[in-house]
Amino acid sequence: MTLVDLHSHSTASDGDCDPAELVARAAVAGLSVLGLTDHDTLAGIPDAAQACESQGLRLVRGCEFSVSVWWGEMHLLGYFLPLGDRALDAFLFEQRQRREKRGATIVHRLNAHGVQIGLDDVMRQANGAAVGRPHVARALVAAGTVPDVQTAFDRYIGGGCPAFVAKDLPAVSEVTSLVAQVGGLTSAAHLGRRASRAALGRLKDSGVDGVEVRHPSHDEDTTAKIERLATALGMLMTGGSDWHGDHGGPYRALGDVTIPADWLERLDDVANIRARERKG
Ligand code: AMP
Ligand code: ZN
Ligand code: FE
Ligand code: FE
């Protein structure tokens, strides 16, 4: 059995395990292919690649971008991304800087709501990683403001809450062209109920190559529906556990959500064609 999980996070963004530990856990879970898809960074890839090599796993180099679409924020998974590409690295660097600025704004809002917390508390939790709300949540837990991460999201930083701050996002087409230009592929992440035929068609027109069919937030009906739509529209299919750690909120265990090997073969085929086109 080839077990493939194409969606996971490490300490390079908001996951609990460093890349080597993540790979070790993936091996224990019986995975043979792991996609590392940290938010707005490829910083975990080199360590993950080394660990995969020594554990006999295949690593798919990925990244989870946050992009703007007609309803607001959408997550876009990028795969087969090169390391050391100047345009891609510069783009990701800017997104991380925006994340840091947003972190400061969130802290200001929290302070205005009487929550005593500093940006340094958040940065300590991030420890050099791409800053995200989970780091704010962990800082709030460490400060004793809330009992757990989930409560931090529910009371303060989740959508509609007093300290929620939207990201300043790039357009989806900006990211799909950048990724295509460097020879990668994109897949619209965890669309859930947003996944209609019209929505997927529109995303495809924006250059999105595939769609995340299997995800812990997708129930059986949603999964079946997205698979049907992807097939009808000729889009690639991806999926994975979106594992952030054992305390990662609504997520299941690493390796609990896997995709068939032939979905990965199709991804490989398209990526190979794209790589050849770039050379020729
Ligand atoms: P950000 O990119 O900074 O907006 O943070 C989004 C990340 O926060 C997601 O990728 C999840 O890891 C986490 N997250 C989002 N909503 C929740 C929630 N309700 N409870 C726990 N974690 C969440
Ligand atoms: Zn996350
Ligand atoms: Fe996401
Ligand atoms: Fe994710």
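All ligand and atom numbering here is 1-based and tracks the order in the structure. Small disclaimer: the values here were computed from a predicted structure and weren't measured. Along the sequence shown, residues carry numbers from 1.
There is a side-chain donor-acceptor pair under 3.5 Å between Thr151 and Asp148.
Every atom of ligand 1 is numbered from 1 in the order shown, and the set under 4.0 Å from a heavy atom of His39 is 10 (O). Atoms of ligand 1 found under 4.0 Å from any heavy atom of Gly132 (numbered from 1 in listed order, with element): 3 (O). Within the listing of ligand 1, atoms 10 (O), 12 (O) sit less than 4.0 angstrom from a heavy atom of His244. Residue Gln150 approaches ligand 1 through these ligand atoms, each under 4.0 Å from one of its heavy atoms: 18 (C), 19 (N), 20 (N), 21 (C).
Summary: OD1 is the N/O/S atom of Asp242 found nearest to the Fe ion (ligand 4). If you look at His75 and ask which of its N, O or S atoms sits nearest the Fe ion (ligand 3), the answer is ND1. Note on Glu64: its N/O/S atom closest to the Fe ion (ligand 4) is OE1.
One distance of note links NE2 of His244 with CG of Leu22; it measures 11.0 Å at 0.5 Å rounding. Leu92 contributes atom CG, which lies 11.0 Å from atom CG of Asp38 (distance to the nearest 0.5 angstrom). The line from NE2 of His135 to CZ of Arg138 is 5.0 Å long, rounded to the nearest 0.5 Å.
Atom CD of Gln50 has 12 or fewer neighbouring heavy atoms from other residues, nucleotides or ligands inside a 6.0 Å radius.
When heavy-atom distances to ligand 1 are checked against a 4.0 Å cut-off, Asp14 comes that close only through its side chain, counted from C-beta outward. With a heavy-atom cut-off of 4.0 Å, His9 does not touch ligand 1 at all.
Considering backbone and side-chain N/O atoms, Arg99 comes within less than 3.5 Å of an N/O atom of ligand 1. Distances between N or O atoms of Arg102 and those of ligand 1 include at least one value under 3.5 Å. For ligand 1, the polar-atom distance check finds no N/O of His75 at less than 3.5 Å from any of the ligand's N/O atoms. For ligand 1, the polar-atom distance check against Arg133 finds a nitrogen or oxygen pair separated by under 3.5 Å.
A salt bridge does not link Asp40 with Lys167: every distance from a Lys NZ or Arg NE/NH1/NH2 to an Asp or Glu carboxylate oxygen is 4.0 Å or more. For the pair Arg124 and Asp121, the salt-bridge criterion is met [side-chain N within less than 4.0 Å of a carboxylate O].
For the pair Lys167 and ligand 1, a heavy-atom separation below 4.0 Å is found.
In this structure, His9 and His39 have parallel ring planes: the angle between them is below the 30° cut-off, well short of the 60° mark. Classified by interplanar angle (parallel below 30°, tilted 30° to 60°, perpendicular above 60°), the ring pair His190/His7 is parallel.
In this structure, Trp70 is a member of the same hydrophobic cluster as Phe65, with clusters built from ILVMFWY side-chain heavy atoms closer than 4.5 Å.
Within the coordination shell of the Fe ion (ligand 3), defined by N, O or S atoms under 2.8 Å, His190 is present. For His244, every N, O or S atom stays at 2.8 Å or more from the Fe ion (ligand 4).
Contact check for Ser66 versus Arg99: side-chain heavy atoms found under the 4.5 Å cut-off.
For atom 13 (C) of ligand 1, the choice among Ala152, Pro134, Cys161 with the nearest heavy atom turns out to be Pro134.
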